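The analysis underlying the following values was restricted to heavy atoms, covering all of them including side chains, and did not include hydrogens, waters or symmetry mates. Quick caveat, the model's predicted, so the values are computed rather than measured.
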Amino acid sequence: MATEREQGLAALQQGNANAAVPLLEQAVQNDPSDFQAHLILGAAYAQVNRANDAVNILTQAVHLEPANAQARYNLGIALQKAGWVNEAATAFEQALTLQPD
């Protein structure tokens, strides 16, 4: 049987972020150290216009894998959508430092 993370990712890829969110929230609750679940949940929150929730979960993702440029880039997007422009710029700069290309 597919995990909540796999089911949530599948729902998100099918364009159903509303169905993905509770599955991914459960995945994060089941395994708070699951970096991928945090990253995917952040994307799902962004798609359902929950920018502050996206910022919170993506901040957790960055704490789980501080050297991951994608997490910092995604956090930058979420911060920008939440109106935290200066913090977004910092996250983007960090992502570029980690992965210049």
Side-chain angles (χ1 to χ4, degrees):
M1 182 170 167
T3 66
E4 285 90 356
R5 178 177 51 145
E6 291 165 342
Q7 293 172 343
L9 177 59
L12 195 60
Q13 289 173 332
Q14 294 167 0
N16 192 350
N18 287 317
V21 167
L23 291 164
L24 295 164
E25 288 174 335
Q26 186 63 49
V28 167
Q29 184 176 357
N30 290 346
D31 184 359
S33 66
D34 186 343
F35 169 76
Q36 288 296 322
H38 283 79
L39 200 61
I40 300 164
L41 178 55
Y45 279 150
Q47 288 189 24
V48 296
N49 297 317
R50 290 175 58 179
N52 289 329
D53 290 329
V55 168
N56 290 334
I57 204 72
L58 290 167
T59 298
Q60 291 175 34
V62 166
H63 285 289
L64 289 171
E65 287 195 21
N68 188 292
Q70 186 66 52
R72 290 183 186 271
Y73 177 79
N74 289 6
L75 176 58
I77 292 172
L79 285 163
Q80 193 172 28
K81 286 185 177 185
W84 296 83
V85 179
N86 292 334
E87 292 81 356
T90 299
F92 290 136
E93 289 170 9
Q94 292 168 342
L96 281 171
T97 299
L98 290 167
Q99 188 176 339
D101 58 333

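- With rounding to the nearest 0.5 angstrom, the CD atom of Glu4 is 12.5 Å from the CG atom of Leu41.
- When atom types are taken as modelled, the side chain of Arg72 and the backbone of Pro66 share a donor-acceptor pair closer than 3.5 angstrom.
- Checked by atom type, the side-chain pair Asn74/Gln70 shows a donor-acceptor distance below 3.5 Å.
- In plain terms, the two heavy atoms of Val55 and Ala82 that are nearest each other are CG2-CB, 4.1 Å.
- Nearest heavy atoms, Gln47 versus Leu12: OE1-CD1, 3.5 Å.
- With contacts defined as side-chain heavy-atom distances shorter than 4.5 Å, the pair Gln80/Phe92 qualifies.
- Side-chain contact between Gln36 and Leu9 is absent, with no heavy atoms from C-beta onward closer than 4.5 Å.
- Heavy atoms only, all atoms of each residue included: Ala44 and Val21 are closest at CB-CG2, 3.8 Å.
- No side-chain heavy atom of Asn68 sits less than 4.5 Å from a side-chain heavy atom of Leu98.
- Rounding to the nearest 0.5 angstrom, the gap separating the NE2 atom in His63 from the OG atom in Ser33 is 15.0 Å.
- Linking Ile, Leu, Val, Met, Phe, Trp and Tyr residues whenever their side-chain heavy atoms come within less than 4.5 Å leaves Ile77 and Tyr45 in two separate clusters.
- No more than 12 heavy-atom neighbours from other residues, nucleotides or ligands sit within 6.0 angstrom of OH on Tyr73.
- Proximity of Asn30 to Val28: side-chain heavy atoms (C-beta onward) are nowhere separated by under 4.5 Å.
- Arg5 is linked by a salt bridge (charged side-chain N to carboxylate O under 4.0 Å, His left out) to Asp34, counting only residues two or more places apart in sequence or in another chain.
- Taking CG of Leu23 as the start and OG1 of Thr3 as the end, the distance is 9.5 Å to the nearest 0.5 Å.
- Residue Leu75 holds its CG atom at 10.0 Å from CD of Glu87, rounded to the nearest 0.5 Å.
- No continuous path of hydrophobic side-chain contacts links Leu96 to Leu79 [ILVMFWY only; heavy atoms under 4.5 Å].
- Heavy-atom minimum distance, Ala78 versus Ala54: CB-CB, 3.8 Å.
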